[in-house]
Every structure is written in structure tokens, then in C-alpha cells.
Trainee: 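Below are the C-alpha cells for one structure; questions will follow.
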Amino acid sequence: MNVLVTGGCGYIGSHACVALHHAGHTPIVLDNYSNSHPSVVGRIEELNGTPLTVYQSDIRDSKALARVFAEQDIGAVMHFAGLKAVGESVAKPLEYYDNNVTGTLNLLAAMREAQVSKLIFSSSATVYGDPAVVPIDEHSQTGGTTNPYGTSKYMVERCLADFANANSDWSITLLRYFNPIGAHPSGRIGEDPSGIPNNLMPFITQVAIGRREALSIFGNDYPTEDGTGVRDYIHVEDLVDGHVAALEKRGDVAGLHVYNLGTGNGVSVLQMVNAMNGVLGRDLPVRMEARRAGDIAECFANPAKAEQELGWKAKYSLTDMVEHSWNWQQSNPNGYQS
Ligand code: NAD
Ligand code: WQD
């Protein structure tokens with residue numbers, strides 16, 4: 001099937017293009033390169049052994065979307081395009097709501113016009129806010145988001161639920177990602193944040209490669225086993241396999257489908273640092289700092305629903321995730337600019 005991959009040049013979208021190809025589908029990418037580098041296209045082509053069709057366009061551009069749907073026989077859409085930096089979203093709420101909410105509504109309208117009715121949306125565990133209990137299952141309350149990024153994901157989920165309700169022949173799947181890390185085992189594609197990384201793993205690998213002096217650990221007084229924040233880190237390869245499973249198992253089933261994509265294992269910041277120290281064979285420089293505003297103590301998934309209904313389960317270990325992140329960083333010390 002031809003699958004339109006919006007944001008297909010980004011971190012997760014690029015891995016999805018490879019997973020889709022290997023599952024026998026044809027990815028067709030639409031990306032405005034606002035947070036990606038055109039050289040990723042050659043890397044995807046190299047891994048897939050075939051040319052990749054790419055439209056350099058914006059999901060907010062209705063004419064560009066209509067052109068893609070007119071030129072390509074699209075069977076389903078995986079929608080990754082959007083802005084994702086929590087701190088930036090506080091400073092630039094309009095840009096976040098415009099890209100993430102308006103952009104998605106625009107995409108939905110173009111799909112309806114083209115009679116493409118299968119959508120898989122990149123949602124986030126951030127829609128659960130500060131969860132009352134962990135592990136978090138799909139029935140846990142959503143909303144209570146603490147920043148415009150999280151609120152934009154929550155708003156899109158609500159819009160998509162209403163849309164699915166009104167269009168009973170559509171299949172819409174919301175995939176709530178926990179914390180994606182890792183990279184393709186080849187080290188040819190991976191996460192390449194611009195500027196100072198917001199997330200833990202790219203910060204760790206940049207310290208390891210010598211681009212940053214030390215890792216600041218944001219808080220060691222949380223009510224967790226070692227006092228540092230606990231998250232559910234999932235290998236990006238497992239994550240994109242979950243998308244292919246969702247497409248194949250739910251794409252032909254009408255309705256709104258919701259799945260957590262996580263491992264179910266909580267890992268603390270110190271455990272992550274230790275895992276990286278083990279892979280490196282040396283200790284990373286770290287310093288303890290105050291808690292980061294808006295952070296929560298613990299967040300990890302109950303991924304049972306995805307296993308039962310999609311036949312999908314995360315396979316990679318924490319060591320695999322760390323090794324593959326480090327392999328990507330070492331092979332590309334300056335990301336795609338290397
Ligand atoms: P990314 O920034 O690496 O990829 C997003 C891609 O979308 C980039 O290539 C960017 O250029 C493109 N893009 C952005 N706005 C666009 C627009 N208006 N039109 C066309 N292209 C546009 O991010 P990622 O980590 O790959 O995340 C992909 C999706 O998954 C996002 O929607 C993100 O919110 C969601 N998500 C990510 C994480 C995470 O931790 N990485 C967690 C949960 C959910
Ligand atoms: C993980 C842990 C930090 C950096 C964010 C978004 C969320 C989702 C994923 C998209 C926390 C600690 C971090 C550092 C640290 N994105 N940390 N030093 O906060 O779980 O989630 O990214 O949907 O919406 O909020 O991930 O990687 O930023 O932090 O100590 O330099 O690492 O305090 O405990 P988070 P993260």
C-alpha cells in the first residue's frame with residue numbers, strides 16, 4: 001500500500017519509512033524540513049534500496065496536499081508532522097497550535113476530499129498529564145496537560161474522536177508514544193535535534209561524544225526508587241513496528257482505536273546513565289540540579305492492549321536502545337551535518 005508519511009524526514013518518520021518498506025508498503029513523504037535535514041532522504045533510500053518520493057511541502061498548505069493526493073494513489077496516512085519541543089511551545093503557543101492542530105485539520109480535510117479514510121496519528125503519553133496511577137492504560141484520564149505542546153496533542157485527539165464519530169467508515173488510530181530513543185541499528189538514521197537537546201538521551205550521547213560538558217540530572221528528590229525521574233523508554237524501531245502493526249491490524253477496521261506504545265518498564269535517569277556508562281566503559285560527567293519545571297515523577301505504560309489487539313510488543317532491551325543511540329551518535333558526531 002502507498003502510505004503518505006507526513007514528517008517522514010524527522011526522527012520517527014524516517015524510521016517509519018524504512019519499516020514500511022520492509023513490510024512491503026511504499027512510503028511517500030511530505031515534510032517541510034522545519035526540523036529535519038534533506039540528507040536523510042538519501043539515507044532512507046540507501047536502507048530501502050529504492051528511491052523515495054518526497055514532497056517538500058507543509059501540512060497547512062491545502063493546495064500542496066491536494067496535489068499529493070491527486071498525483072499519488074494513497075491508501076493510508078501516517079501523520080508525524082508537527083512541532084514537539086515542550087519549552088518552545090510555552091514561548092510560541094500560536095506556532096504550536098497552528099502546526100499541530102490547524103495542520104492536522106487541514107490534512108483531514110484533504111484526506112476526506114481524496115477519499116482516503118485510514119489515519120494513524122502520532123500522539124503522546126503527555127495527554128495523560130500527571131497520571132494518578134502507573135502503569136498507565138488507555139482508560140486513564142486524559143487532559144490536564146501542562147504546556148501548549150501537550151494541549152495541542154490532546155486537542156487533536158479530541159478533534160479526531162469527534163471526526164471518527166461523525167464518519168463511521170473511517171479508521172483512525174491514536175498511538176500514544178512514551179519516550180522514544182535509539183536509532184536504526186545501522187547507525188545511518190537517528191535523532192538529530194537542533195540546538196541544545198531537550199530530551200535525556202540525545203543530551204547523554206552529546207556529552208558522551210564531547211559536544212557538551214556534563215549531564216544535568218533534573219531532580220533527585222522524587223518519590224522514586226533512586227529519587228530521579230522514571231520514564232518508559234522505547235526503541236524507535238519497536239515504535240515504528242507498532243505503526244505497521246496498527247496499519248495492518250486496524251486499518252480495515254472502522255472506528256477510533258487508541259493504543260499506548262511503550263515497554264511497560266520504568267527506567268530512572270540514574271539507571272539510564274548507568275546503562276550508558278556500561279556501554280561506554282567509562283563514567284559520564286553528571287551534576288545534580290533542581291527539578292525541571294513541569295516534570296512529573298513517574299510515567300510508564302501498560303502496553304497490554306497493543307499486544308492483545310495488534311500482536312505487537314516491544315522487543316529491544318535498554319542496552320540495545322543505549323547501544324544504538326551511541327552507535328548513531330558516534331557514526332554521525334554532528335548528526336546529518338556530519
Ligand atoms: P521530528 O521533529 O524529528 O519530526 C517531525 C517532522 O515533521 C520534521 O521532519 C519536520 O520538519 C516536519 N514538520 C514539522 N511541521 C511540519 C509542517 N507544518 N508541515 C510539514 N512537515 C512538518 O519529531 P519526531 O520526534 O520524529 O516526532 C514525530 C511525531 O511524534 C510528532 O508529531 C511528535 O509530536 C510525536 N511524538 C514524539 C515524541 C518524541 O519524544 N520524539 C513523543 C511523543 C510523540
Ligand atoms: C526524561 C527524564 C527529566 C534531560 C518529553 C515531553 C513529552 C514527550 C517526550 C513528545 C525526566 C530527565 C532530561 C536532561 C534530565 N515528547 N532529564 N536531564 O520529559 O518524559 O518527555 O519528551 O510527546 O511530551 O514532555 O522526556 O527526555 O525530556 O526527560 O535529568 O538533560 O530525564 O527530568 O525525568 P519527558 P525527557
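No hydrogens, no waters, no symmetry mates; every other heavy atom, side chains included, goes into these values. All figures in this text were calculated on a predicted structure; none of them were measured in a lab. All ligand and atom numbering here is 1-based and tracks the order in the structure.
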Trainee: So is G103 close enough to ligand 1, meaning a heavy atom under 4.0 angstrom away?
Mentor: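 G103 does not count as a contact of ligand 1 under the 4.0 Å cut-off.
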
Trainee: At what distance is the nearest protein heavy atom to atom 12 (C) of ligand 1, and which residue and atom is it?
Mentor: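 That would be D31 OD1, 3.4 Å.
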
Trainee: Between R176 and E138, does a salt bridge (Lys or Arg N to Asp or Glu O under 4.0 Å) hold up when you go through it step by step?
Mentor: CA-CA 9 Å; R176 294 178 180 153; E138 290 82 353; over 6 Å; no

Trainee: With heavy-atom distances below 4.0 Å as the criterion, list the atoms of ligand 1 near S123.
Mentor: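 Those of ligand 1 that fall under 4.0 Å from S123 are 43 (C), 44 (C).
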
Trainee: At a 4.0 Å threshold, what atoms of ligand 2 neighbour a non-hydrogen atom of I217?
Mentor: 30 (O)

Trainee: Of all the atoms in ligand 1, which lie at a distance below 4.0 Å from a heavy atom belonging to S122?
Mentor: 29 (C), 30 (O), 32 (O), 35 (C)

Trainee: Do me a favour and list the nearest non-hydrogen protein atom to atom 25 (O) of ligand 1 with residue, atom name and distance?
Mentor: K84 NZ, 2.8 Å

Trainee: Quick check on contacts: which atoms of ligand 2 are under 4.0 angstrom from a heavy atom of V86?
Mentor: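 In order of numbering, the contacting atoms are 6 (C), 25 (O).
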
Trainee: Would you mind running through ligand 2 and noting each atom that sits below 4.0 Å from a heavy atom of N198?
Mentor: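 Matching atoms, with element in brackets: 4 (C), 28 (O).
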
Trainee: What is the closest protein heavy atom to atom 43 (C) of ligand 1, and at what distance does it sit?
Mentor: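 So the nearest neighbour among protein heavy atoms is Y177 CD1, 3.5 Å.
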
Trainee: Using heavy-atom distances, let me know which of N199, N32, V86, L65 sits nearest atom 21 (N) of ligand 1.
Mentor: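 Answer by nearest heavy atom: N32.
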
Trainee: If the cut-off is 4.0 Å to any non-hydrogen atom of G229, which atoms of ligand 2 fall inside it?
Mentor: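 Listed by number with element, the hits are 34 (O).
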
Trainee: Between Y33 and ligand 1, which residue portion shows a heavy-atom distance shorter than 4.0 Å: side chain, backbone, both, or neither?
Mentor: backbone

Trainee: Only heavy atoms of C9, strictly under 4.0 Å: list the atoms of ligand 1 that pass.
Mentor: 9 (O)

Trainee: For atom 26 (O) of ligand 1, what is the closest protein heavy atom, and at what distance to 0.1 Å?
Mentor: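 In this structure, atom 26 (O) of ligand 1 has I12 N, 2.8 Å as its nearest protein heavy atom.
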
Trainee: Below the 3.5 angstrom mark, is there an N/O of I59, backbone or side chain, next to an N/O of ligand 1?
Mentor: yes

Trainee: Which one of I136, V134, D232 satisfies the side-chain contact (heavy atoms from CB on, under 4.5 Å) criterion with E298?
Mentor: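 For E298, the side-chain contact (heavy atoms from CB on, under 4.5 Å) test succeeds with only one of I136, V134, D232, which is V134.
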
Trainee: Going by the closest heavy atom to atom 34 (O) of ligand 1, which one wins out of F178, Y55, Y149?
Mentor: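 The residue whose heavy atom sits nearest atom 34 (O) of ligand 1 is Y149.
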
Trainee: If the cut-off is 4.0 Å to any non-hydrogen atom of S36, which atoms of ligand 1 fall inside it?
Mentor: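 Contacts of ligand 1 toward S36, numbered from 1: 8 (C), 9 (O), 11 (O).
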
Trainee: What atoms of ligand 1 come closer than 4.0 angstrom to any heavy atom of P180?
Mentor: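 Listed by number with element: 39 (C), 40 (O), 42 (C).
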
Trainee: What part of E191 sits under 4.0 Å from ligand 1 if we count only heavy atoms: the side chain, the backbone, both or neither?
Mentor: neither

Trainee: Run the numbers for me: atoms of ligand 2, each under 4.0 Å from some heavy atom of S216, listed by number.
Mentor: 14 (C), 15 (C), 18 (N), 30 (O), 31 (O)

Trainee: Are Y149 and E88 close enough, and set up right, to give a side chain to side chain donor-acceptor pair (under 3.5 Å), and what steps lead you there?
Mentor: CA-CA 9 Å; Y149 166 70; E88 186 187 58; over 6 Å; no

Trainee: Are any of the heavy atoms in S57 under 4.0 Å away from ligand 1?
Mentor: yes

Trainee: Would you mind running through ligand 2 and noting each atom that sits below 4.0 Å from a heavy atom of S124?
Mentor: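 Result: 10 (C), 23 (O), 24 (O).
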
Trainee: Below 4.0 Å from any atom of ligand 1, is there a heavy atom belonging to P193?
Mentor: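 P193 does not count as a contact of ligand 1 under the 4.0 Å cut-off.
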
Trainee: Just by distance, no angles: are the side chains of D137 and N302 close enough, under 3.5 Å, to form a donor-acceptor pair?
Mentor: no

Trainee: Does CD belonging to E113 count more than 12 external heavy atoms closer than 6.0 Å?
Mentor: no

Trainee: Heavy-atom contacts with R292 under 4.0 Å: which atoms of ligand 2 show up? List them by number with element.
Mentor: 3 (C), 4 (C), 13 (C), 19 (O), 28 (O), 29 (O), 36 (P)

Trainee: Does ligand 1 have a heavy atom under 4.0 Å from the side chain of N99, from its backbone, from both, or from neither?
Mentor: side chain

Trainee: Below 4.0 Å, non-hydrogen atoms only: which portion of H79 touches ligand 1? Side chain, backbone, both or neither.
Mentor: neither

Trainee: So which protein heavy atom does atom 28 (C) of ligand 1 come closest to, and at what separation?
Mentor: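 Checking every protein heavy atom, the shortest distance to atom 28 (C) of ligand 1 gives F80 O, 3.4 Å.
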
